[in-house]
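Inspection log for the structure reproduced underneath, given as structure tokens.
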Amino acid sequence: MKPTTLAEWLDYQQRIHALGVDLGLDRVRAVWQRMGAPAIARRVITVGGTNGKGSTVAFLEAMLAAAGQRVGCYTSPHLIRYNERVRIAGVDADDAALVESFERIELARADISLTYFEFGTLAALDLFARADLDTAVLEVGLGGRLDAVNIIDANAVIITTVDLDHVEWLGPDRDSIGREKAGIARRDRPAIVGETEPPKGLLEALAEQGAHVERAGHDFYVEHEAHRWRWHHHDGTVLNLPAPELAAPVQYTNASAAIAALHALQAVNPVELERIASVGMHFPRAPARLQSLGGSPELIVDVGHNPQAARALADWLDTQPGRVHAVYGALSDKDVGGVMTALGSRIAHWHLASLDQDTPRGLPASVLAGVLHQVLPRAGFDTHDNVSQALAAARASARRGERILAFGSFFVASAVLSGAGS
């Protein structure tokens, strides 16, 4: 039976391709060409990297909107509703628009098999091409070189960070992963590197591709002041900016890279860039990036799911008072021990949540407990069948003035933001 609703289409897409992840551009490019391969916007910025992509997209969107531009953003995965993945002029795509796009893709693909992610990417491109956009911002789903968004030649790219994640697809070390992520860059076009110490493989691959590389700490850098900061570029540009609304020290890095991309594209003059960057610091839309849901004890939710993200969480926790209760769940392809080690004694008690009922990749809490006992043998913990139970237990045991940090997976963040345990 032909799918008609958005839910039916999403179920259909998860059933028709043999592999959940099938990296490569040939199939998705062929379908896009059958659809006419129209320009999706007057300017395209692609954002890749291990961590920080969603926040960087949010800063770009906020700054470009402040400049009066019509912006489209494609991100993944979603937290609550699939519609979040495609946003045009600040509004999530509605069900009808997505269904119509899926119907066009289905007609064009004929005998070409597509993954769930490839369907979604083509839908975003299709809707953007019909929306008269000034700028489209595309977030890489996995890696870069073979990710579906890479069928689009970006005017500028940002590579936020490179760390160990998805090693079964991208390679066993930072150099290998960096080479994969460098694949989104194009010759003679800006490639912004957000790390001050990127892997050699990333820089070598960018040089081989002939990209115009600008590196954090070399071509641009940040200077902190009380409640403000300055963004400096080697060409003499200096922007005086308010602190980002998004919490965590790492957000200065993400914001700085977003500014560097707009500066490299010369989209606006330096005076206007300072204005829109200042506005952009206040209005980034990035749920579950150290998002406070209030309460007493305060509930914080974050999508951090690998050791690099955990180190960023640790840096933030070092600036915060009070004991911390963690609600933690993870997927089977993640370095659970590395995450736990990075946070260490900052967590007073772990409430471990099973995710095996949410996704085939989800780990049961008993496995998490086994890893925790190995890497932090003195850590206190309890195990729960799901995020709802873990969050309820954390709320019951945490006292006023303490904090609950729910993290480890988009599945954890989604459950918390959907009201699990409330």
Side-chain angles (χ1 to χ4, degrees), residues 32 35-48 53-76 83-94 97-98 100-101 104 120-140 148-160 184-186 188-192 211-212 214 231 233 237 239 241 244 254-286:
W32 184 233
M35 296 175 73
I40 65 170
R42 286 175 276 281
R43 178 186 295 114
V44 178
I45 302 173
T46 298
V47 181
K53 296 187 296 292
S55 299
T56 302
V57 169
F59 283 122
L60 285 168
E61 180 184 29
M63 289 188 287
L64 289 165
Q69 292 198 18
R70 184 169 171 81
V71 185
C73 292
Y74 173 53
T75 59
S76 65
N83 312 62
E84 300 164 22
R85 296 180 178 222
V86 183
R87 193 163 60 253
I88 297 172
V91 179
D92 295 344
D94 61 28
L98 287 165
E100 289 174 4
S101 185
R104 289 189 287 270
T121 300
L122 287 170
L125 302 182
D126 175 53
L127 293 175
F128 289 171
R130 298 167 183 273
D132 189 29
L133 298 179
D134 295 301
T135 302
V137 183
L138 308 178
E139 179 186 342
V140 172
V149 303
N150 203 32
I151 64 172
I152 301 298
D153 293 327
N155 299 91
V157 303
I158 300 172
I159 300 170
T160 55
I184 61 175
R186 298 295 189 267
D188 297 326
R189 296 185 180 182
I192 310 301
H212 176 64
E214 295 201 4
W231 184 87
H233 192 273
T237 302
L239 308 182
L241 302 168
N254 297 330
S256 180
I259 293 168
L262 299 187
H263 178 270
L265 287 170
Q266 299 181 338
V268 295
N269 62 51
V271 173
E272 178 68 357
L273 182 58
E274 182 172 78
R275 182 190 71 79
I276 67 171
S278 295
V279 174
M281 295 306 101
H282 291 304
F283 299 107
R285 172 177 166 169

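Computed over heavy atoms, backbone and side chain alike; hydrogens, waters and symmetry mates excluded. Counting from 1, the numbers follow the sequence of the chain as shown.
- Using a 4.5 Å cut-off on side-chain heavy atoms (C-beta onward), Leu239 and His263 make no contact.
- Rounded to the nearest 0.5 angstrom, Arg85 CZ and Glu139 CD are separated by 10.0 Å.
- For the atom pair Arg104 CZ and Leu122 CG, the distance stands at 11.5 Å (nearest 0.5 Å).
- Residues Ile158 and Leu60 have side chains in contact (heavy-atom distance under 4.5 Å, counting atoms from C-beta outward).
- Minimum interatomic distance between Glu214 and Ala264 (heavy atoms only, all atoms of both residues): OE2-CB, 4.3 Å.
- Heavy atoms only, all atoms of each residue included: Ala136 and Ala41 are closest at N-CB, 3.5 Å.
- Considering all non-hydrogen atoms of both residues, Arg87 and Phe128 come closest at O-CE2, 3.9 Å.
- Summarising the geometry, atom OG1 belonging to Thr121 is positioned 3.0 Å from atom OH belonging to Tyr74; distances are rounded to the nearest 0.5 Å.
- Side-chain contact annotation: Asn150 with Arg186, donor-acceptor N/O pair under 3.5 Å present.
- Between Leu127 and Ala93, the closest heavy-atom pair is CD1-CB, 4.2 Å.
- Residues Ala258 and Met63 approach most closely at CB-CE, 3.5 Å, considering heavy atoms.
- Note that the CG atom of Asp94 and the CD1 atom of Ile88 stand 9.5 Å from one another [nearest 0.5 Å].
- Annotation: side chain of Thr135 is not in contact with side chain of Asn155 (no heavy-atom distance under 4.5 Å).
- A distance-only check finds no donor-acceptor pair linking the side chain of Ser101 to the backbone of Ala97 [under 3.5 Å].
- The side-chain heavy atoms of Phe59 and Ile259, taken from C-beta on, include no pair separated by under 4.5 Å.
- With rounding to the nearest 0.5 angstrom, the CD atom of Glu61 is 8.5 Å from the OG1 atom of Thr75.
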Using side-chain contact (heavy atoms from CB on, under 4.5 Å), reason through Leu265 and Ile45 one step at a time and then give a plain yes or no. CA-CA 10 Å; Leu265 287 170; Ile45 302 173; 3.9 Å; yes
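- The two residues Ile40 and Leu125 come nearest to each other via the heavy atoms CG2-O, 3.6 Å.
- Here the side chains of Asp153 and Val44 are not in contact, with every heavy-atom distance at 4.5 Å or above.
- Between Leu64 and Val137, the closest side-chain pair of non-hydrogen atoms falls below 4.5 Å.
- At least one side-chain heavy atom of Arg42 sits under 4.5 Å from a side-chain heavy atom of Asp132.
- With salt bridges taken as basic N to acidic carboxylate O contacts below 4.0 Å, none links Asp134 and Arg70.
- Put simply, the side chain of Leu98 reaches to within 4.5 Å of the side chain of Asn83, judged on heavy atoms.
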